[in-house]
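Some notes on the structure that comes next.
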Amino acid sequence: FDKTRDYLSNRIKNISENKKIHGITTAVILGDNSGLTDEMQKSFRYSGTAHIIVISGMHIAIIILAILKIAEILKMGYKAKYITSLVILSGYCFVVGMTPPVARSYIMGVIYLVSKLLWEKAEMDKSFWIAYIGILFFNPEQLFSLSFQLSFGAVFAMIYIYELIKNEKDNFFIEVLKLSFIIQLILSPLFIIYFGTMPFLSILANMVAIPIGTVMIQFMFGAVFITALFSRFDWILKIILNYLVEIMIFYVKLFEKIPFMQVEINSLGTVIFILLYLSCAGAGVIFVMKKKEEKINSEKIILNIEKVEL
């Protein structure tokens, strides 16, 4: 695995314009942030977009979807494409190293693939609890790990709260806004407890960072795969990669200049403000849930009336 990791690191170096690009690409692909400057890491943290440059569930999901898409293009059979995805995902995670965040994302990814392989159906809530209980069974100390709490807190917000207000008719940016808001709402207490700060306006940064970051991450993985097979394309990959990363950095630096991206909890007034914010946010979620339930009930009543008339 070390030789494979070193090989990938060299390939990343070949398609990186400079140390800055190499550092971010290595962090995204191999989970190694040693090439990131303290200033760069601080910028991502302050803007609330640090999840873009660490291996997380988002990265594992992109890998799985990419492999499945390629398998479909190659017209692989149903079981073959999921077995292939499982093998490649396992190999990748062992190469980058089974750190706690990678292990958690890997377990949920494996549960999803195995579920699709055996039952052709995957229920994310069951995958969530199997991963949660399984990790704590083998390592109970993870319960007190901040990364564990943040990871499962975010997934819990997506599965159990975001789904209540999700609307397929809304456009992509509205859905990103709602998802970011829900995750921020759920994770705010942890940020207050551990850091004495709250990511107040990072929801705005993520509306831009998530779409750009998704494209950037997809290209990074694709570029490393292509350069591993055809080094003659390194020059064009370098140009595109540099362009995407520079756009990401530009927006992160832009949001870094905006005040109140992170609110420090250092006074009673601030605490009261945060509590009011959380109360209003919670009330908003409940209101939306009730409106959605009323809409569903109204549609059912109309449908029943139409059936009776027929």
Side-chain angles (χ1 to χ4, degrees), residues 1-2 4-5 27-33 45 50-68 78-164 166 179-180 182-195 199 217 221 282 285:
F1 292 126
D2 288 340
T4 302
R5 186 183 176 88
V28 170
I29 302 296
L30 299 178
D32 179 9
N33 62 1
R45 281 197 300 268
H51 58 91
I52 300 291
I53 55 172
V54 296
I55 296 178
S56 61
M58 176 181 177
H59 297 67
I60 299 300
I62 288 174
I63 293 171
I64 292 175
L65 292 174
I67 298 171
L68 291 176
Y78 182 86
K79 289 188 176 180
K81 69 180 181 180
Y82 283 102
I83 292 174
T84 302
S85 299
L86 188 59
V87 171
I88 294 176
L89 178 65
S90 299
Y92 168 74
C93 289
F94 279 106
V95 166
V96 301
M98 281 293 183
T99 60
V102 174
R104 286 192 292 272
S105 301
Y106 170 70
I107 290 173
M108 292 197 70
V110 167
I111 293 171
Y112 169 79
L113 291 172
V114 172
S115 298
K116 296 289 286 185
L117 186 61
L118 298 179
W119 301 292
E120 298 189 9
K121 185 174 81 172
E123 298 180 10
M124 290 307 298
D125 56 339
K126 290 182 179 179
S127 300
F128 171 83
W129 289 111
I130 291 173
Y132 183 84
I133 295 171
I135 290 173
L136 291 181
F137 178 79
F138 290 104
N139 189 0
E141 293 182 358
Q142 282 290 308
L143 182 63
F144 304 102
S145 165
L146 175 59
S147 61
F148 177 88
Q149 295 168 5
L150 290 174
S151 296
F152 278 96
V155 176
F156 179 88
M158 287 188 284
I159 295 175
Y160 291 100
I161 301 179
Y162 169 65
E163 286 297 322
L164 296 174
K166 183 179 179 181
L179 178 59
S180 299
I182 291 300
I183 292 176
Q184 180 176 312
L185 178 65
I186 296 301
L187 299 184
S188 288
L190 293 175
F191 283 101
I192 293 172
I193 293 170
Y194 285 98
F195 305 113
I217 293 168
F221 279 107
V285 172

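Only a predicted model underlies this, so the values are computations on that prediction, with no experimental measurement involved. Keep in mind that the numbers below use all heavy atoms, side chains included, and drop hydrogens, waters and symmetry copies.
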| note | Test side-chain contact (heavy atoms from CB on, under 4.5 Å), reference Ile217, set Ile29, Ile53, Ile62, output is Ile62

| field | Pairwise distance CD1(Ile130) to OG(Ser115) - rounded to 0.5 angstrom | value | 6.5 Å

| query | Considering all heavy atoms of both residues, which atom of Ile107 and which atom of Ala131 are nearest to each other, and what is their separation? | reply | CG2-CB, 3.7 Å

| message | Could you report the tightest heavy-atom contact between Gln142 and Ile135, atom names first, then the distance? | response | CG-CG2, 4.0 Å

| Nearest non-hydrogen partners of Lys81 and Leu68, listed with the distance | O-CD2, 3.9 Å

| Where Tyr78 and Lys116 come nearest, the two heavy atoms and their spacing | OH-O, 2.8 Å

| field | Aromatic ring pairing Phe128/Phe152, orientation class (parallel under 30°, perpendicular over 60°, tilted between) | value | perpendicular

| Considering all heavy atoms of both residues, which atom of Asp32 and which atom of Arg5 are nearest to each other, and what is their separation? | CB-NH2, 3.6 Å

| field | Backbone of Ile60 reached by a side-chain donor or acceptor of Tyr106 within 3.5 Å | value | no

| query | To the nearest 0.5 Å, how far apart are SG in Cys93 and CD1 in Ile63? | reply | 6.5 Å

| note | The ring pair (Phe, Tyr, Trp, His ring centres under 6.0 Å) partner of Tyr132 among Phe148, Phe156, Phe138 is Phe148

| pair Tyr82-Leu86: side-chain heavy atoms closer than 4.5 Å | no

| message | Taking the side chain as everything from C-beta on, heavy atoms only, tell me whether Leu89 gets closer than 4.5 Å to Ile64. | response | yes

